[in-house]
Amino acid sequence: MRIAEVKVIVTSPGRNFVTVKITTEDGLTGVGDATLNGRELAVATYLTEHVRPLLLGRDARRIEDTWQYLYRGAYWRRGPVTMTAIAGIDTALWDIKAKAAGVPLYELLGGRSRDRILVYGHAQGATIDETVADVGRFLDRGYRAVRAQTAVPGTQGTYGIGSDGDRYEPASSGLPEETLWSTADYLAHAPTLFAAVRDKYGFDFHLLHDVHHRLTPIEAAGLGKAVEPYRLFCLEDPTPAEDQSAFRLVRQHTTTPIATGEVFNSIFDCQQLITERLIDYIRATVTHAGGITHLRRILALAELYGVRSGSHGATDLSPVCLAAALHVDTAIPNFGIQEYMPHTADTDRVFPHGYRFSGGYLYPGEEPGLGVDIDEDAAAEYPYEPAYLPVARLHDGSMHDW
Ligand code: EZ4
Ligand code: CO
């Protein structure tokens with residue numbers, strides 16, 4: 001089963017996606033997501049210029065060997081561009097292997113450990129009242145877990161809040177939007193949101209919140225402690241995720257569960273966090289953490305230390321990533337929760353898929369493989385548009401973590 005073609009398709013049905021499509025000599029196809037939000041063409045070029053020539057003629061069945069060949073063969077280890085490129089190839093090869101076997105991918109990963117995948121949605125609002133009302137809309141739609149983000153007075157462009165009443169989208173076209181951040185204003189405001197949400201709807205659903213890497217360890221420790229009465233399912237990215245030992249201090253002070261890792265691309269990014277039991281949920285996902293092959297290693301390590309999955313699932317990950325994540329979620333023993341932002345109708349049109357949402361859960365498709373495809377004609381209708389994530393500055397003009 002030789003690889004006959006490796007295509008890299010860049011499409012922008014409302015936002016940019018990079019998709020790898022591999023075709024074998026016998027006509028099987030597989031797809032993988034290789035989208036790195038705001039740096040898409042770096043990965044697309046890496047794939048077309050440096051990876052594609054290595055794959056033509058290789059045996060598509062040798063997934064592990066191909067992973068090792070691309071990882072060790074580059075000599076330069078890790079990094080988001082390399083690992084996202086490897087992820088795209090790896091995911092497409094798993095898709096092909098499952099299609100060749102005629103089974104949904106989760107069957108090759110050990111079969112079902114669960115029947116449905118618990119997801120959380122994103123509630124938001126310009127004020128606490130608006131955000132509380134938005135949480136209610138998610139509960140009405142059957143969500144059992146909701147992330148709540150609200151605008152902070154004194155800041156401009158608070159993370160997780162859409163502009164002009166739109167849903168939050170993790171990028172905008174043109175140059176990066178400049179936002180303003182005040183930790184003091186945020187710390188004074190955020191706990192009052194959770195109080196209002198619990199006061200209105202009680203405790204019979206999971207409440208989550210994303211700090212987006214903006215606090216120091218001692219600030220995060222204080223926030224975690226202050227919000228314990230509201231029993232969060234998890235506090236996400238309380239501090240910059242790459243500073244692993246910083247989580248020790250957060251851990252010493254609070255029982256609020258901690259999630260981190262959406263920016264991780266390697267098991268070495270979270271080795272200490274996992275083995276020292278400094279977090280509760282690891283958010284690494286298929287597309288940015290080296291594909292299904294490498295993510296499984298991270299999750300297997302996590303399982304040894306009682307850390308559960310909480311896979312990143314924002315809309316800058318394509319439906320191909322979501323489909324792959326759902327197969328992994330279905331098979332692993334240590335599943336925790338899956339983030340879910342529905343894609344736009346245009347995106348769903350470009351990526352026809354079999355997974356579906358119902359009653360607070362996602363269900364992976366039952367088609368052989370990932371159960372998702374790319375409609376190349378539809379994709380061609382949406383050319384690439386330069387877009388960036390926002391940046392954040394403090395009131396004195398200095399850069400902060402967005
Ligand atoms: O900002 O995916 O939990 N979700 C997030 C996302 C990230 C984007 C970055 O591309 O933090 O919204
Ligand atoms: Co996040």
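In this structure, the side chains of Val372 and Val31 come closer than 4.5 Å at one or more pairs of heavy atoms. Within the 4.5 Å cutoff, side-chain heavy atoms of Thr24 are placed close to those of Ile96. Proximity of Ile374 to Lys21: side-chain heavy atoms (C-beta onward) are separated by under 4.5 Å at one or more points. The shortest side-chain heavy-atom distance between Glu236 and Val211 does not fall under the 4.5 Å cut-off. No side-chain heavy atom of Arg277 sits under 4.5 Å from any side-chain heavy atom of Val307. By the 4.5 Å heavy-atom criterion applied to side chains, Glu5 and Leu56 are counted as neighbours. Between Val350 and Asp346 the shortest side-chain heavy-atom distance does not fall below 4.5 Å. Contact of the Tyr46 side chain with the Val51 side chain is registered, since non-hydrogen atoms from C-beta on lie closer than 4.5 Å.
In terms of heavy-atom proximity, Tyr186 sits nearest to Leu223 at OH-CD2, 3.8 Å. Listed here is the closest heavy atom pair of Asp269 and Leu273: O-CD1, 4.2 Å. Residues Leu249 and Ala221 share a closest heavy-atom pair of CD2-CB, 4.0 Å. Here the shortest heavy-atom pairing between Phe138 and Gly121 reads CE2-CA, 3.8 Å. Residues Gln338 and Ala325 share a closest heavy-atom pair of OE1-CB, 3.7 Å. Closest approach of Pro170 to Leu389, counting heavy atoms only: O-CD2, 2.8 Å.
Counting non-hydrogen atoms of other residues, nucleotides and ligands closer than 6.0 Å to CZ of Arg58 gives a total above 12. Residue Tyr384 places its OH atom among more than 12 non-hydrogen atoms of other residues, nucleotides or ligands, all under 6.0 Å distant. When the shell of 6.0 Å around CZ of Arg114 is examined, it contains more than 12 heavy atoms from other residues, nucleotides or ligands.
The pair Glu64-Arg297 meets the salt-bridge criterion, since a charged nitrogen lies less than 4.0 angstrom from a carboxylate oxygen. Under 4.0 Å is where a charged nitrogen must lie from a carboxylate oxygen, and between Arg283 and Asp210 no such pair does. Electrostatic pairing of Asp316 and Arg15 does not count as a salt bridge here, judged by no charged N lying under 4.0 Å from a carboxylate O. The existence of a salt bridge linking Arg137 and Asp140 is excluded, since no basic side-chain nitrogen approaches an acidic carboxylate oxygen closer than 4.0 Å. Between Glu219 and Arg214 no salt bridge is recorded (no basic side-chain N to carboxylate O distance below 4.0 Å). Between Lys7 and Glu376 there is a salt bridge, with a side-chain nitrogen of the basic residue lying less than 4.0 Å from a carboxylate oxygen of the acidic one.
Geometrically, Arg231 engages Phe203 in a cation-pi contact, judged by NZ or CZ lying under 6.0 Å from the ring centre and within 45° of the ring axis. Both cation-pi conditions hold for Arg112 and Tyr106: the charged atom is under 6.0 angstrom from the six-membered ring centre and inside a 45 degree cone around its axis. With Trp181 as the aromatic partner, Arg393 does not meet the cation-pi criteria of under 6.0 angstrom to the ring centre and within 45 degrees of the ring axis.
Taking the six-membered ring where tryptophan is involved, the planes of Tyr159 and Tyr168 are perpendicular, since the angle between them exceeds 60° and thus also 30°. Classification of the Tyr71-His294 ring pair by plane angle, with boundaries at 30° and 60°, yields parallel.
A distance of 9.5 Å separates NE2 of His209 from OG1 of Thr150, quoted to the nearest 0.5 Å. Interatomic distance, Asp33 CG to Cys321 SG, rounded to the nearest 0.5 Å: 5.5 Å. One distance of note links CZ of Arg77 with CE of Met83; it measures 10.5 Å at 0.5 Å rounding. To the nearest 0.5 angstrom, His253 atom NE2 is 11.5 Å from Glu228 atom CD. Here the OG atom belonging to Ser12 is positioned 10.0 Å from the OH atom belonging to Tyr382, to the nearest 0.5 angstrom. To the nearest 0.5 Å, atom CD1 of residue Ile337 and atom CG of residue Leu208 are 5.0 Å apart.
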* Report the C-alpha separation of Arg251 and Asp280 in whole Å, then their side-chain angles, then the decisive distance to 0.1 Å, and conclude whether the salt bridge (charged side-chain N to carboxylate O under 4.0 Å, His left out) test is met. => CA-CA 10 Å; Arg251 208 52 160 173; Asp280 300 277; 2.7 Å; yes

* To do: With salt bridge (charged side-chain N to carboxylate O under 4.0 Å, His left out) as the test, would you mind laying out the steps for Arg198 and Asp204 before giving the verdict?
  => CA-CA 9 Å; Arg198 286 306 195 195; Asp204 199 20; over 6 Å; no

* side-chain hydrogen bond (donor to acceptor under 3.5 Å, both in side chains) evaluation trace for Thr23 with Thr29 -> CA-CA 4 Å; Thr23 307; Thr29 61; 5.9 Å; no

* Given the rule in the side-chain hydrogen bond (donor to acceptor under 3.5 Å, both in side chains) test, do Thr127 and Asp129 qualify, once you have shown the distances and angles that lead to the verdict? -> CA-CA 5 Å; Thr127 62; Asp129 283 352; 5.5 Å; no

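None of Phe357, Tyr120, Phe205 except one satisfies the ring pair (Phe, Tyr, Trp, His ring centres under 6.0 Å) rule with Tyr143; the exception is Phe357. Only one option out of Phe335, Tyr355, Tyr363 pairs with Ile117 in a side-chain contact (heavy atoms from CB on, under 4.5 Å); it is Phe335.
Judged by distance alone, the side chains of His213 and Asp237 do bring a donor and an acceptor atom under 3.5 Å apart. A side-chain donor from one of Thr285 and Ser311 sits under 3.5 Å from a side-chain acceptor of the other.
Listed for the Glu303 side chain is no donor-acceptor partner under 3.5 Å among the backbone atoms of Leu299.
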